[in-house]
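Here is the structure we will look at, set down as structure tokens.
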Number of protein chains: 2
Amino acid sequence: MINKNSPLPIYAQLEEQIREQIESGILGPGDTLPSEREFCERHGISRMTVRQAINNLAKAGYLRREKGRGTFVSERKMEQQLQGLTSFTEDMKARGRKPSSKLLHFEIVPAVESIAQTLSIPKHDPVYHIKRIRMADGEPMALETTHIPANLVPGLTPEIATGSIYNYLEEHLSIAIDYSNQVIESVTASETESHYLDIPSGSPILLMQRDTFLKDGTPVETVKSAYRADRYKFVTVIRR
Amino acid sequence: MINKNSPLPIYAQLEEQIREQIESGILGPGDTLPSEREFCERHGISRMTVRQAINNLAKAGYLRREKGRGTFVSERKMEQQLQGLTSFTEDMKARGRKPSSKLLHFEIVPAVESIAQTLSIPKHDPVYHIKRIRMADGEPMALETTHIPANLVPGLTPEIATGSIYNYLEEHLSIAIDYSNQVIESVTASETESHYLDIPSGSPILLMQRDTFLKDGTPVETVKSAYRADRYKFVTVIRR
DNA sequence: TATCTGAAGTGGTATAGACATCTATATATA
DNA sequence: TATATATAGATGTCTATACCACTTCAGATA
């Protein structure tokens with residue numbers, strides 16, 4: 001139900017409610033949503049408020065609106081899931097695989113020029129330098145090198161780095177990721193990469209550099225990932 | 001100015017007006033926009049209408065809103081441009097390069113099983129089969145194979161296929177692209193690819209399959225592009 | 001039977017006003 | 001001088017209402 005005294009806005013509550021119904025399967029792909037006016041009556045709220053909730057979900061790809069007909073649950077589940085995924089952990093879960101990590105390296109070091117520039121911090125400022133093998137169902141999938149400003153993210157430990165760092169940021173430090181820039185290229189595996197990923201040297205590799213930012217534009221991390229090309233394809237949805 | 005009798009909604013007119021001011025440089029990164037209430041008075045329209053225009057631009061990445069302070073032009077121009085680009089022509093222009101094409105093949109053929117499935121049409125239905133070398137500043141950049149349902153897009157000619165097919169769809173047929181699914185992988189160049197792209201066989205290639213859809217989910221085209229890895233990197237922005 | 005017509009229901013656009021919450025600045029107070 | 005405090009102005013949320021354009025479908029009409 002809707003709580004008008006909650007600090008969470010009404011439209012956000014309704015949004016969450018509908019999203020939960022979709023994700024739990026109560027509303028399936030193609031199903032018709034109750035009409036806007038029905039939501040109004042049912043919850044005793046105004047139509048503009050209902051529209052704000054529904055429009056947000058439509059823009060996020062959960063719903064599809066049709067003038068004169070109604071609002072429907074979007075057919076393409078995969079796209080919804082793949083929209084806005086940035087972490088390896090989330091990505092693998094969405095693909096139905098079990099993510100894990102093997103920590104190769106964990107250290108606080110002074111930032112070199114290039115890292116400092118990418119993270120918008122002074123040269124020699126302390127940064128975490130983390131190197132992990134990322135695995136799916138126990139198989140090596142990618143070799144990942146992460147740099148995070150130590151002043152921005154206190155208390156990071158090797159134990160946390162073995163799991164999802166994103167999760168730690170959002171749940172324990174309440175640091176909300178806003179967006180990431182990704183650059184993807186195709187290269188051949190170096191000696192190091194082929195060794196850790198257990199593939200022949202010279203095999204194709206999908207190389208991904210991801211820089212992640214907060215709402216105000218502050219960089220939180222820069223990650224370089226080398227994915228095994230025989231195991232991993234990168235999937236995106238582009239909306240016009 | 002705003003025309004209240006235009007078939008184009010007021011919020012869309014205002015949206016376009018502001019976008020033009022940003023793209024023409026009248027409003028630069030970091031600049032403060034007039035307040036919502038000022039827009040209301042200036043154009044004699046209501047605040048909700050102004051908000052619809054501004055919110056759309058904020059979601060598209062043009063503007064950044066700050067409660068209690070104001071609305072500002074977003075700092076990161078590149079991202080705006082790279083958001084929502086799907087065509088090679090647009091992509092190259094955004095990178096400041098001159099796109100061109102060399103037509104290798106143009107034919108209407110009956111759809112084979114896999115193509116028919118991707119395009120959601122009956123097997124053996126006619127489809128355009130187009131093969132092009134895509135060039136930037138005259139240099140070969142990618143080898144591209146396109147399939148388009150012939151019944152959906154009448155009147156496609158080799159001449160048009162030498163330029164931007166997207167442009168033809170949108171401007172001449174008023175077919176509005178809604179979104180694309182992209183799958184990107186890293187492979188090594190086949191004989192054909194290395195020949196046309198003028199690179200050694202076995203070189204790394206960025207392989208991209210892009211399926212494009214209309215608002216109602218109808219597939220318009222499926223494209224397989226093989227990019228030279230030494231010349232091309234794929235850039236995306238992911239918003240949470 | 002086949003076709004037109006109109007009503008009901010849907011989402012799309014727009015108005016005018018209200019109160020809440022946050023930010024920055026100016027002013028009064030210790 | 002330094003610290004509270006008030007206030008003006010910004011965006012955020014929400015209401016109640018109105019009319020429009022489009023879709024669907026039942027019922028009237030030819």
Side-chain angles (χ1 to χ4, degrees), chain A residues 1-18 27 30-74 176 178 214-216, chain B residues 1-18 27 30-74 174 176 178 214-217:
Chain A
M1 276 294 101
I2 298 291
N3 174 8
K4 293 206 181 188
N5 298 319
S6 164
L8 202 65
I10 296 176
Y11 75 88
Q13 293 180 49
L14 182 57
E15 205 179 315
E16 198 169 336
Q17 211 171 92
I18 298 173
L27 283 169
D31 283 3
T32 307
L33 231 66
S35 78
E36 297 178 358
R37 288 168 177 85
E38 202 171 324
F39 273 117
C40 300
E41 285 186 19
R42 196 186 292 179
H43 296 109
I45 56 182
S46 89
R47 198 172 148 221
M48 289 302 266
T49 305
V50 173
R51 282 178 65 75
Q52 188 166 358
I54 293 182
N55 281 336
N56 284 347
L57 290 172
K59 275 192 184 147
Y62 283 91
L63 302 176
R64 170 175 46 86
R65 313 200 72 162
E66 286 186 36
K67 198 202 291 197
R69 302 222 317 132
T71 303
F72 308 87
V73 177
S74 182
D178 187 39
L214 305 181
K215 258 215 179 75
D216 61 3
Chain B
M1 277 294 102
I2 298 292
N3 175 8
K4 293 206 180 189
N5 298 319
S6 162
L8 201 66
I10 296 176
Y11 76 87
Q13 293 180 47
L14 181 56
E15 206 178 312
E16 198 170 333
Q17 214 171 92
I18 297 173
L27 284 169
D31 283 3
T32 307
L33 232 66
S35 79
E36 297 177 356
R37 285 173 170 88
E38 202 171 323
F39 273 117
C40 299
E41 286 185 17
R42 196 185 291 179
H43 297 108
I45 57 182
S46 87
R47 196 169 149 226
M48 290 301 265
T49 306
V50 173
R51 283 180 65 76
Q52 189 164 358
I54 293 182
N55 281 336
N56 284 347
L57 290 172
K59 275 191 185 149
Y62 284 91
L63 302 177
R64 170 174 47 85
R65 315 201 69 161
E66 286 186 36
K67 198 204 290 201
R69 301 220 320 130
T71 304
F72 308 87
V73 178
S74 183
S174 299
D178 187 39
L214 305 182
K215 257 212 179 78
D216 60 3

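In what follows, every chain begins at residue 1, and chains take the letters A, B, ... in the order their sequences are listed. All values derive from a computational prediction rather than experimental measurement.
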K4(A) side chain to G44(A) main-chain N or O, any donor-acceptor pair under 3.5 Å? yes
E16(B) side chain near L8(B) side chain, heavy-atom distance below 4.5 Å: yes
Could you give me the CA-CA distance, side-chain angles and deciding distance for R65(A) and L57(A), then say whether side-chain contact (heavy atoms from CB on, under 4.5 Å) is met? CA-CA 10 Å; R65(A) 313 200 72 162; L57(A) 290 172; over 6 Å; no
Tell me: CD of E36(B) to P of dT13(D), nearest whole Å? 11 Å
Is there side-chain contact between V50(A) and R42(A), with heavy atoms separated by less than 4.5 Å? no
Summarise protein proximity over nucleotides 15-23 of chain D in one line of letters, 5' to 3': B for base, S for sugar-phosphate only, - for none, counting protein heavy atoms closer than 4.0 Å. BB-BB--BS
Nearest-angstrom distance from the residue atom OH of Y11(A) to P of dG12(D): 9 Å
Just wondering, do L63(A) and V73(A) contact through their side chains at under 4.5 Å, heavy atoms? yes
Please state how far atom CG in N5(A) lies from atom P in dC14(D), giving the value in whole angstrom units. 11 Å
Is R65(B) near enough to dG12(D) that one of its side-chain N or O atoms lies under 4.0 angstrom from OP1 or OP2? yes
Mind calculating the distance between CG (N55(A)) and P (dT13(D)) to the nearest angstrom? 14 Å
In whole angstroms, the gap separating P of dA10(D) from CD1 of I54(B) amounts to 12 Å
Under a 4.0 Å heavy-atom criterion, DNA chain C is touched by chain B from dT13(C) to dA24(C)
Are the side chains of Y11(A) and I45(A) in contact, using a 4.5 Å heavy-atom criterion? no
Donor-acceptor under 3.5 Å (Q13(B) side chain, N3(B) main chain): yes
Would you call Y62(B) and I18(B) a side-chain contact if the rule is heavy atoms closer than 4.5 Å? no
